[in-house]
2 protein chains.
Amino acid sequence: MPHPKFIARLQAIEGLSEDERRQIAGLPSTLRQVADGEIVLRQGEAATRCVFIVSGFLYQSRIVGDRSQTLAFHIPGDMPCLHTLLVSPMDADLVGLGPTIVGTVAHSQLRQLLDSSIHLTRAFWRETLIDAAVSRQWIARLGAQAALPKVAHLICELAARLEIVGLVKGNSFQMPMTQRHVADACGLSIVHVNRTIQELRHRGLIAWDGSEIELLQPDELRQLADFTPDYLG
Amino acid sequence: MPHPKFIARLQAIEGLSEDERRQIAGLPSTLRQVADGEIVLRQGEAATRCVFIVSGFLYQSRIVGDRSQTLAFHIPGDMPCLHTLLVSPMDADLVGLGPTIVGTVAHSQLRQLLDSSIHLTRAFWRETLIDAAVSRQWIARLGAQAALPKVAHLICELAARLEIVGLVKGNSFQMPMTQRHVADACGLSIVHVNRTIQELRHRGLIAWDGSEIELLQPDELRQLADFTPDYLG
DNA sequence: CGTGCTGTTGAACTGGGTCAACCATCGTGG
DNA sequence: CCACGATGGTTGACCCAGTTCAACAGCACG
């Protein structure tokens, strides 16, 4: 099943055996095209299959009061709803960001595989712990940073995660995020996100045209954002 | 080892066998007194033992820029650094809140137990997933709510979690939190937290004297906070 | 060729921050 | 026993980062 990227990541950290890799790769899965803005899983829905991203992006979004808050972005190789394996209902909508290809594996199949291997279970557990570390980072961002570092931090995080799966080419990457998505993720208004991004551009830290984002001065950007990538793995 | 409260919670959800409960209870652990403000584990430190709370409270705190941001509160029965079992370094300070009694279990002991039981591994995995669900809730709070619902939500969350472990008596509970702690957790200034709590008091929603917090109108408070407790288990 | 979405700009407004007092409580040491 | 310094809660005045409202331009798409 999953993407080579996902297996590679498990591999890198937990050191899977040849056999274990074959077992994961052999999981029966179905691929599916997801359109921009399409809801893959709805909040409250009890998932029966796990989703993994082959290409493109997803994000988790929740309505709170009259705002919509983004809880996480997911990139190729991620399994955004792995936790539904043990805690069934989704606590947010899972939405497509740009045209995306996802695969799904039945909970029953995955559970069967994990039941047979403590080592694989630990590898998957670890994946959910990294998601949790990212969430804690978001808490720190949202609670304690001003608008400029907030947006800078989000960009740094995406760049660092995409780097890990080899989707950054010379400090730039593709991601079809609009300023609305940034606003929902950072808890800011669209207007202010616009001015903030202009400020980042004006300082010569980033270039952002359409869906291409480039880090012009990565070190300065990371410093401004107070970003250190160690929590990602 | 752990507190009966912790075992009870695992029990309630995953349904442990008599034997499994005995195995957990039999883990060698040492108890220890923690003073108010004392740092149990420091950010960056590679933990070799897991902590569980017997009585009192801990919180996770991280310095970001010139502010200090609280990432989570922990109550009796919690294992605040269970994740260090798989992702070793702490990403925040673990601090005592009021006089607290904690126990610790060696990673090696815990790992040995979990290695022998897929079922127990899943039960512990599930615990970390609930922590993650709480974190996502914090993201929503910090990103999308105004000051009044933010503070109200924090109080609702603590009340709901304490209720689960039987530490709420007739809508009131003990927690030696200062307004500074609330400010650090909600990303607000102390002064504004003070005014916000006064507003909650003035509306007749809560009473808060010293370390005793009482929900005078729980339903109204939950409505104001947009709080639903389902994510807690 | 309208309709809707994204980005952009300006102006006015406000929620919450900052600064600066002041009070009450409490543990401590002279 | 009392003066003290420290800590936590409270209040008032002023300020600013970010919001809201409104308008407009570019572009993609049916």
Side-chain angles (χ1 to χ4, degrees), chain A residues 35-38 59 64-70 95-99 141-155 174-202 206-213 224, chain B residues 35-38 59 64-70 95-99 141-155 174-202 206-213 224:
Chain A
D36 181 54
E38 183 183 338
Y59 64 94
V64 22
D66 58 346
R67 300 181 59 98
S68 103
Q69 176 67 41
T70 295
V95 190
L97 179 57
R141 242 202 16 236
L142 292 173
Q145 289 190 306
L148 196 64
K150 260 181 196 164
V151 174
H153 195 287
L154 177 61
I155 294 171
Q174 297 290 328
M175 179 150 188
M177 210 173 29
T178 70
Q179 297 184 352
R180 160 170 291 283
H181 292 113
V182 177
D184 286 351
C186 294
L188 298 168
S189 69
I190 303 182
V191 172
H192 200 247
V193 164
N194 179 290
R195 298 195 232 260
T196 305
I197 290 174
Q198 282 179 58
E199 174 72 17
L200 290 175
R201 277 201 271 250
H202 187 246
I206 64 165
W208 185 337
D209 184 45
S211 60
E212 164 128 6
I213 301 176
L224 171 66
Chain B
D36 181 55
E38 183 184 337
Y59 64 94
V64 20
D66 60 345
R67 301 181 57 99
S68 103
Q69 175 68 39
T70 294
V95 191
L97 179 57
R141 242 204 14 239
L142 292 172
Q145 289 191 308
L148 196 63
K150 260 183 195 163
V151 174
H153 195 287
L154 177 60
I155 294 171
Q174 298 289 326
M175 180 151 190
M177 210 172 29
T178 71
Q179 296 184 353
R180 160 171 293 284
H181 292 112
V182 177
D184 286 351
C186 295
L188 298 168
S189 71
I190 303 181
V191 173
H192 201 248
V193 163
N194 180 291
R195 297 196 232 260
T196 305
I197 291 175
Q198 282 180 58
E199 173 73 16
L200 290 175
R201 277 202 270 252
H202 186 246
I206 64 165
W208 183 337
D209 184 45
S211 60
E212 164 129 5
I213 301 176
L224 171 66

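Computed from a predicted structure; not experimentally measured. So that the names make sense, note that chain A is the first sequence line, chain B the second, and so on, each numbered from 1.
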Handout entry: B:Glu199 side-chain N/O to B:Leu148 backbone N/O, donor-acceptor pair under 3.5 Å
Key = no
Exercise for the section: Using only side-chain N and O atoms of A:Arg201, determine if any of them is under 4.0 Å from OP1 or OP2 of C:dT8. Expected result: yes
Exercise for the section: Would you check if the side chain of B:Arg201 reaches a backbone N or O of B:Ile206 as a donor-acceptor pair within less than 3.5 Å? Expected result: no
Problem - Spacing between B:Asn194 atom CG and D:dG12 atom P, to the nearest angstrom - result: 11 Å
Exercise for the section: To the nearest Å, give me how far apart CD (B:Glu199) and P (C:dG15) are. Expected result: 12 Å
Completion exercise
Given protein heavy atoms under 4.0 Å, the one-letter contact record of nucleotides 18-24 of chain D, with B base, S sugar-phosphate only and - none, is simply SBBB---
Problem - B:Gln179 side chain near D:dT7 phosphate (N/O to OP1/OP2, under 4.0 Å) - result: no
Problem - Interatomic distance where CG belongs to B:Leu142 and P belongs to C:dG16 [whole Å] - result: 13 Å
Handout entry: Any donor-acceptor N or O pair under 3.5 Å, side chains B:Thr178, B:His181
Key = yes
Practice task
For B:Ala207, enumerate each residue passing the side-chain contact (heavy atoms from CB on, under 4.5 Å) test, keeping only those at least two apart in sequence or located in another chain.
Solution key: B:Glu214, B:Leu216
Problem - Interatomic distance, A:Trp208 CH2 vs C:dG7 P [rounded to whole Å] - result: 8 Å
Practice task
Kindly write out the residues that satisfy salt bridge (Lys or Arg N to Asp or Glu O under 4.0 Å) with B:Glu212, not counting sequence neighbours, or none if the list is empty.
Solution key: none
Practice task
Round to a whole Å and report the spacing from NE2 of A:His202 to C1' of C:dT8.
Solution key: 16 Å
Practice task
Send over the distance from B:Asp36 CG to C:dC26 P, rounded to a whole Å.
Solution key: 15 Å
Problem - B:Glu38 side-chain N/O to B:Ala35 backbone N/O, donor-acceptor pair under 3.5 Å - result: yes
Exercise for the section: Kindly say if A:Gln198 contacts the phosphate of C:dT9, meaning a side-chain N or O under 4.0 Å from OP1 or OP2. Expected result: yes
